[in-house]
Amino acid sequence: MKAVALTHYLPVEDPNAFLDVELDKPMPTGHDILVNVHAIAVNPVDTKVRAPKDKVEDAPRVIGYDASGVVAAIGPDVTNFKIGDDVYYAGDITRPGTNQEYHLVDARIVGHKPKSLSHAEAAALPLTTITAYEAFFDRLGIDRDGADQGQSILIIGAGGGVGSIGIQLAKAAGLTVIATASRAETTAWVKELGADHVVNHREDMVAQVRNLGMTHVDHIAIFNDMRHWDAAVELIRPQGGIVSIDDTDLPMPMGGMKTKAASLHWEFMFARSMHKTPDMIEQHRLLSHVAKQIDRGEIKTTVSEVLSPINAANMREAHRRVETGQAKGKIVVEGF
């Protein structure tokens, strides 16, 4: 089968950063399904895994953490899928990745693809959807069905992949969304996705939010990096919560959090699959839930560009664009 792999960890400009290779087609056992991959998306985690380092793989390594495709075979313990089902998922960072024609994945972290989306449109969603969903509803404890309607959430870094789906999930839950964006293009993008207010995270966020008439916000999601920590602590309401996806080494003074009795949460969407938690099935459930929201027209895909076919050259180009930090939404690569 066709695959895009790496043996050395090189700058994306290097023509050998990715290689077109042929690998043996795997077969599923246990809870695994075999997916015929139709489209993949590139996330910042892909570029971090591929980032230059002094390491050489003995055999070609396939990475990739988003996919949409069709079930080609199922393991004996699989009960929630059948051959021919359309699926979308974000995979498992501890296993071979999705940048291959046929991919093994645990069915408990796979969702039924939204019927209204193409494979390219669906591939843009899983990793960022799981991240934003878990950040809001599992970590911050927001009610996804609207019991917290009218509460406010500040989404820092709202123009990227996680923020783009996060805006929509928060709006569907009835929250008032303050999104941050720093360029005209991303400002227009987050407004199109439903943000109620937009502030610039390269300027004084505290002053901008307070100019909206809000002294504090109920929830804060940091979806870029922790250099905004001090502003977040200043803006979170007493007994509110902050969630972050950044594994930072920056200082994070906690005095303001303590005096507000505010909570800090970390979101890592691979935690369930990495540690084989008893509730792994929740990722299947949440992806299938969001698929229904999409098919009802409540949420739309966050794909911004589609490259084709899935090969080493296009993978390098997709990684290059993500590494600029200027991409809005998601970049998808489609078709082997």
Distance-only donor-acceptor check, side chains Glu134 and Gln283, under 3.5 Å: yes

Donor-acceptor under 3.5 Å (Ser308 side chain, Glu334 main chain): yes

Those residues that, when tested against Glu282, pass side-chain hydrogen bond (donor to acceptor under 3.5 Å, both in side chains) (two or more places apart): Arg285

Gln239 atom CD, over 12 foreign heavy atoms within 6.0 Å: no

Close side-chain approach of Leu212 and Val199, heavy atoms under 4.5 Å: yes

Donor + acceptor pair across side chains of Asp246, Ser244 (<3.5 Å): no

Donor-acceptor contact present, side-chain Arg316 to main-chain Val12, <3.5 Å: yes

Partners meeting salt bridge (Lys or Arg N to Asp or Glu O under 4.0 Å) with Arg237 (sequence neighbours left out): Asp218

Gln149 CD to Leu175 CG distance, which is reported to the nearest 0.5 Å: 9.0 Å

Over 12 foreign heavy atoms within 6.0 Å of NZ, Lys276: yes

Residue pair Arg61 / Val49, side-chain heavy-atom distance below 4.5 Å: yes

More than 12 heavy atoms from other groups under 6.0 Å of CG on Asp279: yes

Evaluation steps, side-chain contact (heavy atoms from CB on, under 4.5 Å), between Glu101 and Asn36: CA-CA 6 Å; Glu101 195 173 2; Asn36 180 200; 4.2 Å; yes

Parallel, tilted or perpendicular: ring planes of Tyr89 versus His103, cut at 30 and 60 degrees: parallel

Heavy-atom donor-acceptor pair, Ser182 side chain to His201 backbone, under 3.5 Å: no

Derivation and outcome, side-chain contact (heavy atoms from CB on, under 4.5 Å), residues His8 and Asp14: CA-CA 10 Å; His8 295 69; Asp14 192 307; over 6 Å; no

Steps toward side-chain hydrogen bond (donor to acceptor under 3.5 Å, both in side chains) verdict (Gln151, His219): CA-CA 8 Å; Gln151 291 187 4; His219 314 279; 2.5 Å; yes

Donor-acceptor pair, side chain of Ser304 and main chain of Lys328, under 3.5 angstrom: yes

Thr98 (side chain) donor-acceptor with Asp66 (main chain) under 3.5 angstrom: yes

Heavy atoms of other groups near Lys258 NZ, more than 12 under 6.0 Å: no

Hydrophobic cluster of Leu19, others only, ordered by chain and residue number, side-chain cut-off 4.5 Å: Met1, Val21, Leu23, Met27, Leu34, Val62, Tyr102, Leu104

N-O pairing of Lys171 and Asp196 below 4.0 Å: yes

Same apolar cluster (I L V M F W Y, side chains within < 4.5 Å links), Val198/Ile222: no

Intermediate values then yes/no, ring-ring contact (aromatic ring centres under 6.0 Å, His included), His284 and Phe81: CA-CA 11 Å; His284 162 72; Phe81 294 102; 5.4 Å; yes

Pairing residues for Asp54 by the side-chain hydrogen bond (donor to acceptor under 3.5 Å, both in side chains) criterion, not counting sequence neighbours: none

Lys330 (side chain) donor-acceptor with Ala124 (main chain) under 3.5 angstrom: yes

Candidate pair His265 and Asp138, rule side-chain contact (heavy atoms from CB on, under 4.5 Å), full reasoning: CA-CA 10 Å; His265 307 264; Asp138 293 348; over 6 Å; no

Criterion side-chain hydrogen bond (donor to acceptor under 3.5 Å, both in side chains) on Tyr9 and Glu57, from CA distance to verdict: CA-CA 9 Å; Tyr9 295 83; Glu57 299 291 344; 2.4 Å; yes

Audit row: Tyr88, His119, ring-ring contact (aromatic ring centres under 6.0 Å, His included) steps and yes/no: CA-CA 8 Å; Tyr88 74 143; His119 284 292; over 10 Å; no

Flag, side chain of Thr180 to backbone of Gly157, donor-acceptor distance under 3.5 Å: yes

Heavy-atom side-chain contact between Val105 and Val87 under 4.5 Å: no

Verdict with supporting geometry, Glu323 and Arg320, salt bridge (Lys or Arg N to Asp or Glu O under 4.0 Å): CA-CA 5 Å; Glu323 284 185 348; Arg320 185 193 67 77; over 6 Å; no

For Asp143, all residues meeting side-chain hydrogen bond (donor to acceptor under 3.5 Å, both in side chains), sequence neighbours excluded: none

side-chain hydrogen bond (donor to acceptor under 3.5 Å, both in side chains) involving Trp189 - partner list, sequence neighbours excluded: Ser164

Co-membership, hydrophobic cluster, residues Phe223 and Leu264, 4.5 Å side-chain: no

Electrostatic pair Arg95-Asp106, nearest N-O below 4.0 angstrom: no

Val110 vs Val35, side-chain contact (heavy atoms from CB on, under 4.5 Å): CA-CA, chis, key distance, verdict: CA-CA 10 Å; Val110 176; Val35 177; 5.7 Å; no

CG on Asp225 to OG1 on Thr248, rounded to 0.5 Å: 7.5 Å

Flag side-chain contact, heavy atom, 4.5 Å: Thr176 against His197: yes

Salt bridge (Lys or Arg N to Asp or Glu O under 4.0 Å) between Asp295 and Lys292, worked out: CA-CA 5 Å; Asp295 289 338; Lys292 293 175 183 176; over 6 Å; no

Heavy-atom side-chain contact between Asn80 and Ile281 under 4.5 Å: yes

Value rounded to 0.5 Å, distance of CD1 in Ile178 from CD1 in Ile156: 10.0 Å

Heavy-atom side-chain proximity of Leu193 to Lys300 below 4.5 angstrom: yes

Pairwise distance CG(Leu125) to OG1(Thr301) - rounded to 0.5 angstrom: 4.5 Å

Expected output: side-chain Trp229 to main-chain Pro251 donor-acceptor under 3.5 Å: no

Donor-acceptor contact below 3.5 Å, side chain Asn43 vs main chain Val45: no

Heavy-atom neighbours of Lys191 NZ exceed 12 at 6.0 Å: no

Polar side-chain atom of Arg144 near backbone of Ala173 as donor-acceptor pair, under 3.5 Å: no

Cluster check Val322, Ile63: I/L/V/M/F/W/Y, side chain < 4.5 angstrom: yes

